[in-house]
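Order of appearance sets the numbers: ligands from 1, and atoms from 1 within every ligand. Everything numeric here is computed off the predicted structure, so don't read it as measured data. Just so you know, residue 1 is the first one in the sequence shown, and it goes up from there.
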Amino acid sequence: MQGKFIVFEGLDGSGKGTMLALTAKWLFSNTEYDKILLTREPTYSGVGRQIRKILKSDRDPLDKAKLMLTLYLEDRKEHLEKVIKPALQLGSIVLCDRYKYSTMCYQHAQGIELSKIIALHRNMLVPDITLILDVDVDIALQRIAYERKTREKFESKSFLEEIRQNYLKIPELLPNENIKIIDANGTIEETFAKVKREISKVLK
Ligand code: TMP
């Protein structure tokens, strides 16, 4: 069986983590795939750890844009070669929490030219499907506040608003990739029904 590369994207508080876990469980019970890999970017190994440290300590979302871009790219290349591609070759479904679209939306909001970010990803593996979970920023902030008290680098309202708008433009910018915007403002059940519908199409 051929592997499938499925990416979940969206703001923190969009419900990505919940959808990822539900999707893994559903695929495991309802398909013949016997290997399902849950993974994420930034990773927690090597460069990924360095990124996580910066995200925790920095307060200004515009700070260190170029450095962050370099680190995300390095982390992604390693993740692809060491984790994602080997898993796909074994026939796994790879469910990845964030990928290149996060760099396109967040680092562009940090001031880096979008065309440059797109060009830097030109030779990287394109997912079979990418689901962008779209939520109102107020809902995302409520969910973040409910889950934890501390805010990270990118969690101011105006910055999140900009990132949301960047995400909404992604499907038009990359028309040859299979990218779906999913309305994730509703209940978990409502959003998951939409997620299942889209993923079912690429498993046929
Ligand atoms: P997480 O909260 O989903 O674990 O992601 C950590 C933060 O990293 C999140 O605020 C988004 C940010 N990020 C980028 O700015 N660019 C990227 O390429 C990735 C993968 C994440």
S.K.: Heavy-atom contacts under 4.0 Å between Thr103 and ligand 1: side chain, backbone, both, or neither?
M.R.: both

S.K.: With sequence neighbours excluded, give me every ring pair (Phe, Tyr, Trp, His ring centres under 6.0 Å) pair touching residues 43-102.
M.R.: Phe5-Tyr99

S.K.: Number the atoms of ligand 1 from 1 as they appear, then name those within less than 4.0 Å of a heavy atom of Arg76, with their elements.
M.R.: 18 (O), 20 (C)

S.K.: So if I count the atoms of ligand 1 from 1 in the order they appear, which ones are less than 4.0 Å from some heavy atom of Leu55?
M.R.: 6 (C), 7 (C), 8 (O)

S.K.: Which option out of Met104, Lys100, Arg98 puts a heavy atom nearest to atom 1 (P) of ligand 1?
M.R.: Arg98

S.K.: Tell me, please: is Met68 in heavy-atom contact with ligand 1, that is, under 4.0 Å?
M.R.: no

S.K.: Salt bridge between Glu81 and Lys77, side-chain N to carboxylate O under 4.0 Å?
M.R.: no

S.K.: Nearest to atom 9 (C) of ligand 1 by heavy atom, Asp12, Leu73, Thr43, Leu11: which?
M.R.: Asp12

S.K.: With a 4.0 Å cut-off on heavy atoms, is Lys16 in contact with ligand 1?
M.R.: yes

S.K.: Quick one: which of Phe8, Tyr106, Tyr72, Phe159 has a heavy atom closest to atom 8 (O) of ligand 1?
M.R.: Tyr72

S.K.: Does some non-hydrogen atom of Gln110 fall short of 4.0 Å from ligand 1?
M.R.: no

S.K.: Check Ile84 against Cys96 and note the closest heavy-atom contact, atom names and distance.
M.R.: CD1-SG, 4.4 Å

S.K.: Report, in ascending order of atom number, the atoms of ligand 1 lying under 4.0 Å from any heavy atom of Glu41.
M.R.: 20 (C)

S.K.: Under 4.0 Å from a heavy atom of Gln107: which atoms of ligand 1 are those, numbered in the order shown and with their elements?
M.R.: 14 (C), 15 (O), 16 (N), 17 (C), 18 (O)

S.K.: Which of the numbered atoms in ligand 1 are under 4.0 angstrom from any heavy atom belonging to Arg52?
M.R.: 4 (O)

